[in-house]
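All remarks here apply to the structure that follows.
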Amino acid sequence: DSSQVAAFMDDHPYSIFPQFLQTDRPDACAYALGEGKLAILVNNTPFALLAPITFFHLFQSPEDYFLRWSIASFLRLIRYISFVISLVLIPLYVALTTHHYQMIPLQLLFVLLESRSKLPFSPFWEALMMLIILEIIKEASLRMPTKTSQTLGVIGGIVIGQAAVEAGFASKILIVLMGISAIAFFLVPNYLMTKANVLIQLVFLVLARVLGIVGIALGTILILAHLNRLTSLKQPYFAPVSPLYSRDWIDLFIRGPLNHMK
């Protein structure tokens with residue numbers, strides 16, 4: 001399969017970040033060829049491999065180039081914001097409730113104390129348990145028949161979340177944050193990147209438990225350093241940020257007008 005071919009061609013096979021894009025869309029292949037990328041076709045598989053890519057290609061969608069540039073730019077910014085929210089929202093909750101409760105506004109602190117007053121678990125174990133349950137629900141919905149999977153995901157999340165609150169295993173605030181984080185995960189267009197998000201979130205969760213907000217900052221620095229040393233077919237993975245190619249920023253965090261893009 002094309003994914004197995006990509007595994008043998010990766011510059012960094014032990015990294016969790018994908019170094020090839022997989023697509024079954026002819027227009028995406030044609031656009032990639034127009035940008036100077038390679039399109040690798042493998043017999044008997046519907047997915048083509050596109051390379052070299054950068055980290056920021058994982059947040060670009062073919063629909064970006066069919067919409068008005070202002071709308072496409074707004075949607076792309078929403079994806080980046082959602083990516084950050086999905087990574088740090090739950091670890092930030094653990095960090096604030098474990099190490100930095102003095103940073104929480106007083107009225108919100110009263111609500112949080114009331115919500116957590118009868119819970120037998122610390123914020124870390126509470127969040128870890130709910131994250132694992134969420135991943136179980138997502139994986140189960142993928143394995144179920146199509147008509148059943150959507151119902152299972154929605155009903156399973158509501159029933160288990162409500163039951164966890166009533167049984168005293170999780171706070172109401174955490175359930176709300178879990179819902180926001182779970183929805184933010186799905187805004188990243190690349191499936192392989194969403195799976196990498198889960199692992200990064202778990203690492204951030206452990207760092208937040210041990211070091212608080214300093215741990216989240218340390219984890220962010222380590223992820224940025226790792227991205228900076230990655231390559232895709234020997235090309236820098238974190239370009240055009242590092243190394244800096246200022247002309248390419250017109251199609252980075254925003255999608256500029258097509259007549260200005262070369």
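Along the sequence shown, residues carry numbers from 1.
Going from atom CG of Asn190 over to atom CG of Asn197 covers 10.0 Å, rounded to the nearest 0.5 Å. In this structure, OG in Ser61 is found 8.5 Å from CG in Leu67, a value given to the nearest 0.5 Å. Considering OG of Ser70 and CG of Leu75, their distance stands at 9.5 Å, rounded to 0.5 Å. Annotation: the span from Leu207 atom CG to Arg209 atom CZ amounts to 12.0 Å, rounded to 0.5 Å. Interatomic distance, CG of Leu50 versus CD of Glu35, reported as 9.5 Å (0.5 Å rounding).
In this structure, Phe83 and Phe59 have perpendicular ring planes: the angle between them is above 60°, well past the 30° mark.
A donor-acceptor pair under 3.5 Å is absent between the side-chain atoms of Thr45 and the main chain of Asp1, judged by distance alone. For the pair Ser73 (side chain) and Arg255 (backbone), a donor-acceptor distance under 3.5 Å is present. In terms of modelled atom types and a separation under 3.5 Å, the side chain of His57 and the main chain of Leu21 share no donor-acceptor contact. At distances below 3.5 Å, not a single donor-acceptor pair connects side-chain atoms of Thr194 with backbone N or O atoms of Phe185.
Through direct or relayed side-chain contacts under 4.5 Å between Ile, Leu, Val, Met, Phe, Trp and Tyr, Phe20 connects to Val5, Met9, Leu38, Ile40, Val42, Leu49, Leu233.
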Quick one: side chains of residues 243-250, donor-acceptor pairs under 3.5 Å with protein atoms, not counting sequence neighbours, listed by atom name and distance.
from   : atom 1 : to     : atom 2 : distance (Å)
Trp249 : NE1    : Pro240 : O      : 3.1

When the side chains of residues 217-229 are checked against the rest of the protein, which donor-acceptor pairs come out under 3.5 Å, sequence neighbours left out?
from   : atom 1 : to     : atom 2 : distance (Å)
Thr220 : OG1    : Ile216 : O      : 2.9
His226 : NE2    : Ser15  : OG     : 2.9
Asn228 : OD1    : Ser242 : OG     : 2.6

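Electrostatic pairing of Arg25 and Glu63 counts as a salt bridge here, judged by a charged N lying under 4.0 Å from a carboxylate O.
Aromatic ring centres of Phe56 and Phe238: separated by under 6.0 Å.
Here the closest non-hydrogen pair linking Ser86 and Ser181 is O-OG, 3.5 Å.
Side-chain atoms of Leu252 and Val241, non-hydrogen and from C-beta on, do get closer than 4.5 Å to each other.
Other residues, nucleotides and ligands contribute over 12 non-hydrogen atoms within 6.0 Å of the CD atom of Gln102.
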